Every structure is written in structure tokens, then in C-alpha cells.
Amino acid sequence: ARAFPEKTHQDLTQLAKDVMVHFGRIMADFMRSSGRTVEDLLATTELSGVENLDKALAQGHGALMISAHFGNWERVPHMLLQLSHKVSIIARDSNDPEMTALVNKLREGSGIGLISRGDAAFPTIKRLKNKELVALLADQSSEECMIPFFGVPAGTVLGPAVLAERAKAPIVPSYCVRVGLNRYKMWIEPALEPVEGLEGAEAMMTAYNRSLEAVVRQYPEQYLWFHNKWKAAKKRGLA
């Protein structure tokens with residue numbers, strides 16, 4: 001309701017139901033990822049914007065691939081692997097060790113490297129300096145900085161921008177959405193540019209929030225609304 005004040009209660013109720021359906025499908029797709037062939041992945045996922053990644057990599061410092069809990073984010077690193085790049089993802093371990101082991105097994109089975117979010121700085125910078133790709137999701141609430149999301153201040157992490165700056169690596173947004181039965185569309189956007197009038201990490205993460213907001217407006221049922229993006233801001237009386 002905060003993001004779409006123009007929608008009726010009935011519209012929002014239907015959107016909530018559509019979100020539940022979407023993530024049920026995405027969970028099922030992820031669970032079968034270890035048995036998916038490369039041919040099947042390529043046949044079911046349309047990819048565009050590769051030239052944007054090529055341009056970013058031409059700088060010689062790898063690329064920090066930034067996405068969100070949106071669409072089918074697990075397919076993003078799988079598709080990047082098919083471009084003959086080394087890909088690692090930064091991920092938080094589950095509170096359930098058995099779940100963590102299962103998820104990591106599925107990811108590593110596809111050839112994806114893993115970096116624990118609890119100690120990500122050194123391995124991330126090292127891999128970027130080796131001209132590799134490091135992917136992460138950066139949309140969850142944080143106490144670090146309050147940056148607008150759908151016009152309302154929202155707690156936003158600054159870490160991705162700080163890491164990218166240290167490694168001199170570009171930050172490249174990429175998203176994957178479901179467009180039909182076992183059909184997906186993934187695209188790679190141009191590297192983020194800092195928002196004018198702001199400085200440092202805040203300028204880059206503001207650009208990220210704007211990128212994410214634009215795609216969520218197109219596919220609102222494919223965003224993880226279970227997570228309260230405005231939680232930290234609400235604590236401060238800002239949302």
C-alpha cells in the first residue's frame with residue numbers, strides 16, 4: 001500500500017496472492033536447478049544487455065553484479081556462468097544449518113562460488129581484482145542509510161558501493177523475471193552512475209534503489225514483499 005497508494009484494497013489483496021503464487025513457483029524452479037541442463041537453461045531464459053557487462057568488464061576490474069529478491073534471482077548467476085565468466089555470490093547463511101547445506105549444494109552444483117556475507121569484504125575484493133564477477137542481493141532493510149524507495153525513506157545497505165569503490169569495480173544491475181510457463185527473461189543494465197547531488201556510497205546506492213524501483217513497478221507481483229523494506233526507517237519515524 002505504501003508503494004502503490006493508487007491501488008484499491010482489492011487490487012492489493014490480489015497482488016499479495018499473486019506474490020505467494022510467484023514465489024511458490026520460483027522455489028520449485030530453484031529446487032530442480034541441480035538437474036537442469038545448460039541447454040534447458042538457455043532454451044527457457046532470454047538474455048539481453050550482454051554488451052553492458054562487456055563494457056563494464058573492459059575496465060579491467062571485474063564487476064559487482066547487483067540484483068534483488070525479485071523475479072527469479074537464482075537464475076542470474078547461472079546465466080552469467082554461460083557467458084564464460086567466473087561467478088561467485090555473496091549470501092547469508094540460513095538460521096537452519098541443514099537448509100544452508102541444501103541451498104549451498106544446489107548453488108555449488110551449478111558451478112557458482114560462494115562467499116559468506118558475514119565475512120565478505122576480503123574474498124569479494126580479491127575476486128573482483130581477479131576480474132571475476134561477484135553477485136549479491138542488496139535490497140533488504142538496513143540501519144546504515146535511509147534512501148528513498150517508492151518515495152519513502154528506506155533502510156539501505158552501503159556495503160556493495162564501498163566494496164566496489166575499494167576494488168575500483170563497476171556495479172552492474174541485473175534482473176530475471178518469469179514471463180510464462182517455464183519462460184524467463186533476464187537483462188543486464190548499464191553500470192550504475194552516482195546520483196548527482198550525493199556523494200560516495202550513498203550516491204551509488206540511491207542509483208540502485210531507483211533501478212530496483214523501476215523494475216518492481218513493472219512486475220510488482222515478483223518482488224519479495226514478505227520483507228519490510230521500510231522497517232529500519234519506521235523505527236526512526238521516517239516511514
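Predicted, not measured: the structure shown is a model, and the values here were computed from it.
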Task: Rounded distance [0.5 Å steps], CG in Asn182 versus CZ in Arg25 - done: 11.5 Å
TODO: Answer with yes or no whether the hydrophobic clustering places Met146 together with Trp230; edges join I, L, V, M, F, W, Y residues whose side-chain heavy atoms lie under 4.5 Å apart.
DONE: no
Open item on the list: Rounded to the nearest 0.5 Å, what separates atom CD in Glu46 from atom CE in Met79?
Closed with: 9.5 Å
- [ ] Can you measure from CE (Met186) to OG1 (Thr45) and round to the nearest 0.5 angstrom?
- [x] 9.0 Å
Open item on the list: Under 4.5 Å side-chain heavy-atom separation, chaining through any Ile, Leu, Val, Met, Phe, Trp or Tyr, what else clusters with Ile26? Say none if it is isolated.
Closed with: Tyr184
Task: Expected output: side-chain Lys131 to main-chain Leu57 donor-acceptor under 3.5 Å - done: no
Task: Pairwise distance CG(Leu12) to CD(Glu6) - rounded to 0.5 angstrom - done: 8.5 Å
- [ ] Could you identify which residues cluster with Leu198, counting Ile, Leu, Val, Met, Phe, Trp and Tyr as linked when any side-chain heavy atoms lie under 4.5 Å apart, either directly or through a chain of such contacts?
- [x] Val195
Open item on the list: Please evaluate residues Tyr175 and Tyr219 with respect to the criterion ring pair (Phe, Tyr, Trp, His ring centres under 6.0 Å), reporting the C-alpha separation (whole Å), side-chain torsions for both, the decisive distance (0.1 Å), and the verdict.
Closed with: CA-CA 11 Å; Tyr175 306 100; Tyr219 304 93; 10.0 Å; no
Task: Point-to-point distance, once rounded to the nearest 0.5 Å, from CG of Leu158 to CE of Met205 - done: 7.0 Å
- [ ] Flag yes if more than 12 heavy atoms outside Phe122 fall under 6.0 Å of its CZ atom; otherwise flag no.
- [x] no
Task: Donor-acceptor side-chain pairing of Thr8 and Asp11 below 3.5 angstrom - done: yes
